[in-house]
Amino acid sequence: MLHGGVFEEDSSSQSIPSSEKGLGGAREKKLEQRHRVAFITKSEIEVMDDGYKWRKYGKKPVKNSPNPRNYYKCSSGGCNVKKRIERDRDDHSYVITTYEGSHNHYSPFTVYYNQMPPNAWT
DNA sequence: CGCTTTTGACCCGCGC
DNA sequence: GCGCGGGTCAAAAGCG
């Protein structure tokens, strides 16, 4: 496990290991998650707000980790993006954030940053 | 008032 | 054929 590493996977070429097992949410099994990005951040808190609104919709304990796994979903309009937050079992100081899907709307933070002129920061 | 959060229960697919 | 695992959803309550 590389600490502070970022993983970007494309389901189009990368076959999901047994981890997915093709099972997972039987309901969304039909939905193709084309974008999967895992971020590893060293932080004691998982309060990583990217500008989107995340609504926690589930909690489940993991065998390989004494810590539970948190499931978040984007509550933006028409936004079906899901976010998975888990703690590293080797170093609970590290937080693994996995994003699935793409936002149907721009991030409030992105728009704000886009409309914010560079000289405005002075 | 609106939205968010929390727990429990349910469902499906695969394995043996 | 049955069981297990994993994931999601539902409802309710609390808070700002």
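Computed from a predicted model, the values in this text were never measured in an experiment.
- Side-chain contact between A:Y72 and A:Y57: absent, with no pair of heavy atoms (C-beta onward) separated by less than 4.5 Å.
- Taking atom CG on A:N80 and atom C1' on C:dT8, their separation rounds to 15 Å, with Å as the unit.
- Hydrophobic cluster membership is shared by A:I85 and A:W54, with clusters built from Ile, Leu, Val, Met, Phe, Trp and Tyr side chains linked at under 4.5 angstrom.
- A:K73 has its NZ atom 11 Å from the C1' atom of C:dG7, to the nearest Å.
- The residues A:K83 and A:E100 are annotated as not salt-bridged, no charged nitrogen and carboxylate oxygen being separated by less than 4.0 angstrom.
- Computed from coordinates, the A:I85 CD1 to C:dG7 P distance equals 15 Å when rounded to whole Å.
- Checked by atom type and distance alone, the side chain of A:D91 never pairs as donor or acceptor with a backbone atom of A:Y94 at under 3.5 Å.
- Under 4.0 angstrom from either OP1 or OP2 of C:dG7 there lies at least one side-chain N or O belonging to A:R69.
- Between the CZ atom of A:R84 and the P atom of C:dG7 there is a distance of 6 Å, given to the nearest Å.
- Two different hydrophobic clusters hold A:V62 and A:I96 under the rule that ILVMFWY side chains link at heavy-atom gaps under 4.5 Å.
- A sub-4.0 Å separation between OP1 or OP2 of B:dC3 and a side-chain N or O of A:S75 is absent.
- A:W54 places its CH2 atom 18 Å from the P atom of B:dC3, with the value rounded to the nearest Å.
- Taking the charged nitrogens against the carboxylate oxygens, A:E86 and A:R69 do have a contact shorter than 4.0 Å, which makes a salt bridge.
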Can you name the atoms? Protein N/O to nucleotides 6-8 of chain B N/O, anything below 3.5 Å, with the distance.
from	atom 1	to	atom 2	distance (Å)
B:dT6	OP1	A:K56	NZ	3.3
B:dT6	OP2	A:K56	NZ	2.4
B:dT7	OP2	A:K59	NZ	2.4

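- Between the CG atom of A:N70 and the P atom of B:dT4 there is a distance of 17 Å, rounded to whole Å.
- When distances are taken from the side chain of A:Y71 to each of C:dG5, C:dG7, B:dT4, the shortest belongs to C:dG7.
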